[in-house]
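Values below: every heavy atom of this structure, side chains too, minus hydrogens, waters and symmetry copies.
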Amino acid sequence: MASKSEIEFLEGPRSRAKEFIFTLKTVLDLIRGFRGLHFVGPCITFFGSARFAPDHPYYKFTEKAAGAFAQLGFTIMTGGGPGLMEAANKGAQAVGGRSVGCNISLAREQKPNPYLDKWVNMNHFFTRKILLVKYSFAFVVLPGGYGTLDECFEALTLIQTQKIRDFPVIMFDRKYHQSLLEHIAKMKEEGTIAENDLSLFLVTDDISEAKTFVKMHSIKKFNLRPKRKIKPFKWLLEHS
């Protein structure tokens, strides 16, 4: 016979009213994010750890890489926080590029870094990930932890299942990611991913190689070119 605690656990979902309110809040969260980032233009999204200080080699490399991609005309988007996210936004601003962030509201507050031209604050990780993917024509994966790997494999899964186009995914620092690459090879060996899934990303330590990869597989492939500036609708209270 089930215990009282088990019976309580199996009673079912929250009330319909609570589910409806949660749905409305989620929709409003997304609308606010879409409005805030509507004019950012084609982005390259950088995923990386918040835990590396400005004097760390990963931070300095990220600055340089982000600056190189910003010079191609892309807006550099990050999760808006410290560490390698900050480094990417800083690198974009240093070369006169556009720098935006999609921050997350946490119990232990994560403040937007000081190198953002524009940012939005999201209440949920899943809505934040939608925005990090929505505006991007390439993804850069840097050394990081659970969150970075979550975002990396989210992008790869969406590309693999053709839910988004086959945008370039670039993984920097082969040494840091070596064990992960070995596990990916193991997945291919066991048949849990296909042979051609290994071609969904580029692993490199060379920023020039990565730039060429983006030029071929993003700018040229998707026919990206400079456009006239789109004017915001004042009656929608939009700001460019």
message: Looking at R98 and A92, would you say the former's side chain and the latter's main chain have a donor-acceptor pair under 3.5 Å?
response: no

query: Testing V140, L149, T148, V169 for side chain to side chain contact (heavy atoms under 4.5 Å, CB included) with F47, which one passes?
result: T148

message: In the structure I gave you, are the side-chain heavy atoms of D117 and Q93 within less than 4.5 Å of one another anywhere?
response: yes

query: With a cutoff of under 4.5 Å between side-chain heavy atoms, which Ile, Leu, Val, Met, Phe, Trp and Tyr residues group with F126?
result: F22

message: I'd like to know if the side chain of D166 and the backbone of I159 have a donor-acceptor N/O pair within less than 3.5 Å.
response: no

- request: Check ring pair (Phe, Tyr, Trp, His ring centres under 6.0 Å) between H217 and all other residues, then give those that pass, not counting sequence neighbours.
  value: F213

- prompt: Is the backbone N or O of N196 less than 3.5 Å from a side-chain atom of S199, with the two atoms forming a donor-acceptor pair by type?
  reply: yes

query: Do C43 and K134 come within less than 4.5 Å of each other through their side chains, counting heavy atoms only?
result: no

task: Can you spot which of Y176, F46, F172 makes a ring pair (Phe, Tyr, Trp, His ring centres under 6.0 Å) with F61?
output: F172

- prompt: Short question: side chain of T75, backbone of V40 - any donor-acceptor pair under 3.5 Å?
  reply: yes

message: Using side-chain contact (heavy atoms from CB on, under 4.5 Å), reason through F139 and E151 one step at a time and then give a plain yes or no.
response: CA-CA 10 Å; F139 303 94; E151 292 157 344; over 6 Å; no

query: Would W119 and L131 show up in the same hydrophobic cluster when neighbours are defined by side-chain heavy atoms closer than 4.5 Å?
result: no

field: K211 charged N/C atom sitting above F69 aromatic ring, 6.0 Å / 45°
entry: no

message: Tell me whether S136 contacts the main-chain N or O of L132 through its side chain, where contact means a donor paired with an acceptor under 3.5 Å.
response: yes

- request: Taking only Lys NZ, Arg NE, NH1 and NH2, and the carboxylate oxygens of Asp or Glu, determine whether K129 and D150 approach each other closer than 4.0 Å.
  value: yes

message: Heavy-atom count check: over 12 atoms from other residues, nucleotides or ligands less than 6.0 Å from M187 CE?
response: yes

- prompt: For the rings on F52 and Y58, is their centre-to-centre separation under 6.0 Å?
  reply: yes

- prompt: Sub-3.5 Å donor-acceptor pair from the side chain of T212 to the main-chain atoms of S208, do we have one?
  reply: yes

query: Within the side chain of N103, is there an N or O that forms a donor-acceptor pair under 3.5 Å with the backbone of V120?
result: no

message: I'd like to know if K186 and E182 make a salt bridge, using a cut-off of under 4.0 Å between side-chain N and carboxylate O.
response: no

- prompt: Are V100 and I76 joined in one hydrophobic group, where the rule is that I, L, V, M, F, W and Y side chains link up if heavy atoms are under 4.5 Å apart?
  reply: yes

message: Please tell me whether Y135 and L224 are part of a single hydrophobic cluster in this structure, the criterion being side-chain heavy atoms less than 4.5 Å apart.
response: yes

message: Side chains of D205 and D173, heavy atoms from C-beta outward: is any pair under 4.5 Å?
response: yes

query: Heavy-atom count around F34 CZ within 6.0 Å, excluding the residue itself: above 12?
result: yes

message: If hydrophobic clusters are built from ILVMFWY residues whose side chains come within less than 4.5 Å, do I44 and I219 share one?
response: yes

- prompt: Do the rings of F137 and F222 sit parallel, tilted or perpendicular, given the 30° and 60° boundaries?
  reply: perpendicular

